[in-house]
Amino acid sequence: MKRIAILGSTGSIGTQALDVVRRNPHKLRVEALAAGRNVEKLIAQTEEFKPAYAAINDEAGYPQLSRSCNCRTGQGKEAIASLAALEEIDLVLIAVSGAAGIWATYEAIRAGKAVALANKESLVTAGTVIMPLAAESGAMLLPVDSEHSAIFQCIQGEEKSVDKIWITASGGPFRTWNPSQLAAVTPEQALRHPKWRMGPKITVDSATLMNKGLEVIEAHHLFGLSYDRIKVVIHPQSIVHSLVEFRDGSFLGHLGVPDMRIPIQYAFSYPERWDNPAPVLDLLQMGSLDFFPPDKGGFPALELAFAAGGRGGTMPAVLNAANEVAVSHFLNNKIGFLEIAGIVEKVMGIHKVIEAPSLEEIMAADKWARAEAMGYMKG
Ligand code: NDP
Ligand code: MG
C-alpha cells in the first residue's frame, strides 16, 4: 500500500489522480489532501477518501473545512507545504497550478519523498535548486507531465545512450491561424483545447505554445540535457507523447490515448505497471500520425522559453512569472492573445539575471517580474 498526499486535489490533475486511487483501493491510500480555494469540493473529497490531513490555501474557506472535516486541518502555504514532508507519506503528487507549487515541491524533495511532479513551474523556476537537493536527499522525481512521463519511460536504464529528446506538441487550437486571426483570439476560444481537458492556465499556455516552452525547461532539468539536445515537434493527433533519439539512430516513442490518468498512474505505480485506467488506444482506427516543425513566427513564446532556459539563472523564473500574470490578464479580457508573449519578452528584456540563485533570490525575481508585468499592463 502506497500512502500518498495529493496537493492540488480539486483541480484537473488532482481529480484525475483521485480517480486512479478509486480504481486501486488496495494499492493506494490517500493520507493528505490540499486545495487552493474550492472548499466544498475538498470537503467532498475528504468524505470519500478519508485522509488523515486536509489543508486549504484560502483563509476564508478554512473555518468551513475545519468544521466539516473529520481529520487534522491546516490553512496557508506553510500548512500545505508541511503535508509534503509528513512521516506517514511515501509519495506526494504536486498538482497545484503555477509558481505556488514550488514550496510544496521543495519540502517534499527535502524530506526525501517520492515526488510525482505535475507542477512544471517548480522545475522551470527552481530546477537549479530542486535537482541538486533531490540528489542530496535521495528523493525520486517521477514526472507526471505526459511528455516527460513518456520520455522517462523510453529512457529507463539507457540514460547514457541518449542523443536527443523530441517533445511532441499538439500545436493547440490555433496551429493553422494567421497573425490577424491570432490577434483576435478570445479567452473562450483559447480555453477550447482540441485534445486535452486541463485547467485554464495550462490550456492558454498550450494555445500560445508557452506550455511547450515550459516543458523544454522542465525536460532540461529532469533529464540533464543541454538545450540543443531538446527538440520540439508538432504532432496534432497527440498519440505519440514524446520520443527519445538514441546515439545509434534508434528512436523510442511512447504512444497512448491523450488521458492524463495514464501518466499519473505510472508515477504512482512505478516501477510497476497497473491495469489501464483509460480507454484503449485503437491502432486499427488511428489513421495517420503527422509531425511538423513548430511555426516560430506565430508563436514566439516557444523561442522565449528556449532563450530563458539557455540564459539560465533567474531568467526562467522571470519568464514563468511574467507569463502567469499575462495569462491571468488575458483570461480577464484585459489584454489580447498576442500581448501575452509580448509582455513576457519585455519583462525578460529588462531583467538583470542573477547567476546560480538561491531559492530566496528566485522567489524575489518571481515577485519582481510579476510587478513589472503588471506595470506593462497598466501602461
Ligand atoms: P487546475 O487549475 O485545474 O488545478 C489547480 C489546483 O491547484 C487546484 O486544486 C487548485 O485549488 C490548486 N491551487 C491553486 N493555487 C493554489 C495555492 N496557492 N495553494 C494550494 N493549492 C492551489 O490545474 P491543472 O490540474 O490543470 O494543473 C496543475 C498543474 O499540473 C499545473 O502546474 C500544470 O502545468 C500541470 N499539468 C497539468 C496537466 C493537465 O492535463 N491538466 C498536464 C500536465 C501538467 P482550487 O481549485 O481549490 O482553487
Ligand atoms: Mg504536457
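Order of appearance sets the numbers: ligands from 1, and atoms from 1 within every ligand.
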**OP:** Answer with yes or no whether G14 contacts ligand 1, where contact means a heavy atom under 4.0 Å from a ligand atom.
**Re:** no

Original post:
Taking 4.0 angstrom as the limit, do R3 and D90 come out as a salt bridge?
Top reply: yes

Original post:
Would you say E355 has more than 12 foreign heavy atoms packed within less than 6.0 Å of its CD?
Top reply: yes

Subject >> Over 12 foreign heavy atoms within 6.0 Å of CG, D275 >> reply: no

**OP:** Measure the distance from atom 22 (C) of ligand 1 to every protein heavy atom, then report the residue, atom name and distance (to 0.1 Å) of the closest one.
**Re:** G36 CA, 3.5 Å

Original post:
Does ligand 1 have a heavy atom under 4.0 Å from the side chain of K41, from its backbone, from both, or from neither?
Top reply: neither

**OP:** Could you tell me how the ring of H241 sits relative to the ring of H254: parallel (under 30°), tilted (30 to 60°) or perpendicular (over 60°)?
**Re:** tilted

**OP:** If you have a sec, work out which protein heavy atom is nearest atom 26 (O) of ligand 1 and how many Å separate them, to one decimal?
**Re:** G199 N, 2.8 Å

Original post:
Do T314 and H351 get their side chains close enough for a donor-acceptor pair, meaning under 3.5 Å?
Top reply: yes

Subject >> Pick from S97, P263, G61: the one approaching atom 5 (C) of ligand 1 most closely through a non-hydrogen atom >> reply: S97

**OP:** Answer yes or no: does an N/O atom from E121 fall short of 3.5 Å to an N/O atom of ligand 1?
**Re:** yes

Original post:
Will you find, in the side chains of S122 and T105, an N or O donor that is under 3.5 Å from an N or O acceptor?
Top reply: yes

Subject >> Test of proximity, P200 against ligand 1: N or O pairs below 3.5 Å >> reply: no

**OP:** Could you check Q181 against F174 for side-chain contact (heavy atoms from CB on, under 4.5 Å), going step by step and ending with a plain yes or no?
**Re:** CA-CA 9 Å; Q181 289 173 303; F174 313 127; over 6 Å; no

**OP:** Would you confirm whether the ring centroid of F251 sits within less than 6.0 angstrom of the ring centroid of F246?
**Re:** no

Original post:
Nearest protein heavy atom to atom 3 (O) of ligand 1, by residue and atom, and its distance?
Top reply: S12 N, 2.9 Å

Subject >> Within-2.8 Å protein N/O/S contacts of the Mg ion (ligand 2) >> reply: D145 OD1, E147 OE1, E215 OE2

Original post:
With a cut-off of 4.0 Å, which atoms of ligand 1 are near a heavy atom of A35?
Top reply: 11 (O), 20 (C), 21 (N), 47 (O)

**OP:** Please indicate whether any nitrogen or oxygen in G11 is less than 3.5 Å from any nitrogen or oxygen in ligand 1.
**Re:** yes

**OP:** Answer with side chain, backbone, both or neither: which part of M260 has a heavy atom less than 4.0 angstrom from an atom of ligand 1?
**Re:** side chain

Original post:
Taking N or O atoms only and a 3.5 Å limit, does S146 qualify as a polar contact for ligand 1?
Top reply: no

**OP:** May I ask you to list the atoms of ligand 1 that are less than 4.0 angstrom from any heavy atom of N38?
**Re:** 45 (P), 47 (O), 48 (O)

Original post:
T10 to ligand 1: N or O pair under 3.5 Å?
Top reply: yes

Original post:
Counting each atom of ligand 1 from 1 as listed, which ones have a heavy atom of A100 under 4.0 Å away?
Top reply: 17 (C), 18 (N)

Original post:
Heavy-atom distance to atom 17 (C) of ligand 1: which of T15, N57, I94, V144 wins?
Top reply: N57

Subject >> Closest approach of A114 to L142 (non-hydrogen atoms, all atoms of both residues) >> reply: CB-CD1, 4.3 Å

Original post:
Ring centres of F152 and Y270 under 6.0 Å apart?
Top reply: yes

Subject >> Test log, rule side chain to side chain donor-acceptor pair (under 3.5 Å), inputs Q75 and N57 >> reply: CA-CA 5 Å; Q75 185 267 316; N57 190 49; 5.3 Å; no

Original post:
Hey, which atoms in ligand 1 end up nearer than 4.0 Å to a heavy atom of A118?
Top reply: 30 (O), 35 (C), 36 (N), 44 (C)

Subject >> Identity and separation of the nearest protein heavy atom to atom 34 (O) of ligand 1 >> reply: K120 CE, 3.3 Å

Original post:
What residue and heavy atom of the protein are closest to atom 15 (N) of ligand 1, and at what distance?
Top reply: V96 CG1, 4.2 Å

**OP:** Flag G8 as yes when one of its N or O atoms lies below 3.5 Å from any N or O atom of ligand 1, and as no otherwise.
**Re:** yes

Original post:
Shortest non-hydrogen contact from S206 to H193?
Top reply: CB-CD2, 3.6 Å

**OP:** From the options A95, P143, A17, select the one whose nearest heavy atom is closest to atom 6 (C) of ligand 1.
**Re:** A95

Original post:
Quick check: does any side chain N or O of E345 sit under 3.5 Å from a backbone N or O of G342, one acting as donor and the other as acceptor?
Top reply: no

Original post:
Which residues satisfy the side chain to side chain contact (heavy atoms under 4.5 Å, CB included) test with R29, sequence neighbours excluded?
Top reply: M1, E31

**OP:** Record the part of I56 in heavy-atom contact with ligand 1 below 4.0 Å; permitted values are side chain, backbone, both and neither.
**Re:** neither

Subject >> Atoms in ligand 1 flagged as close to R37, the criterion being non-hydrogen separation under 4.0 Å >> reply: 45 (P), 47 (O), 48 (O)

**OP:** Could you check atom 36 (N) of ligand 1 against the protein and tell me its nearest heavy-atom contact, residue, atom and distance included?
**Re:** I202 CD1, 3.6 Å

Original post:
Name the one of D205, I202, L302, V204 that satisfies side chain to side chain contact (heavy atoms under 4.5 Å, CB included) with M210?
Top reply: D205

Subject >> Element-labelled atoms of ligand 1 that are located less than 4.0 Å from some non-hydrogen atom of I80 >> reply: 19 (N), 20 (C)

**OP:** Provide, to 0.1 Å, the distance between atom 25 (O) of ligand 1 and the closest protein heavy atom, together with that atom's residue and name.
**Re:** I13 N, 2.9 Å

Original post:
Taking only residues at least two apart or on different chains, which pairs with a member in residues 11-28 satisfy salt bridge (Lys or Arg N to Asp or Glu O under 4.0 Å)?
Top reply: D19-R22, D19-R23, D19-R261, R22-E48

**OP:** List the steps and the verdict of side-chain contact (heavy atoms from CB on, under 4.5 Å) for I167 and L243.
**Re:** CA-CA 7 Å; I167 301 180; L243 309 100; over 6 Å; no

**OP:** Please assess E245 against W166 for the test side chain to side chain donor-acceptor pair (under 3.5 Å), listing each intermediate value before the final yes or no.
**Re:** CA-CA 7 Å; E245 179 180 348; W166 290 84; 2.8 Å; yes

Original post:
Which pairs pass salt bridge (Lys or Arg N to Asp or Glu O under 4.0 Å) with one or both residues in residues 138-152, sequence neighbours excluded?
Top reply: K120-D145, E147-K212

Subject >> Which residue and heavy atom of the protein sit nearest atom 43 (C) of ligand 1, plus the separation >> reply: D145 OD1, 3.1 Å

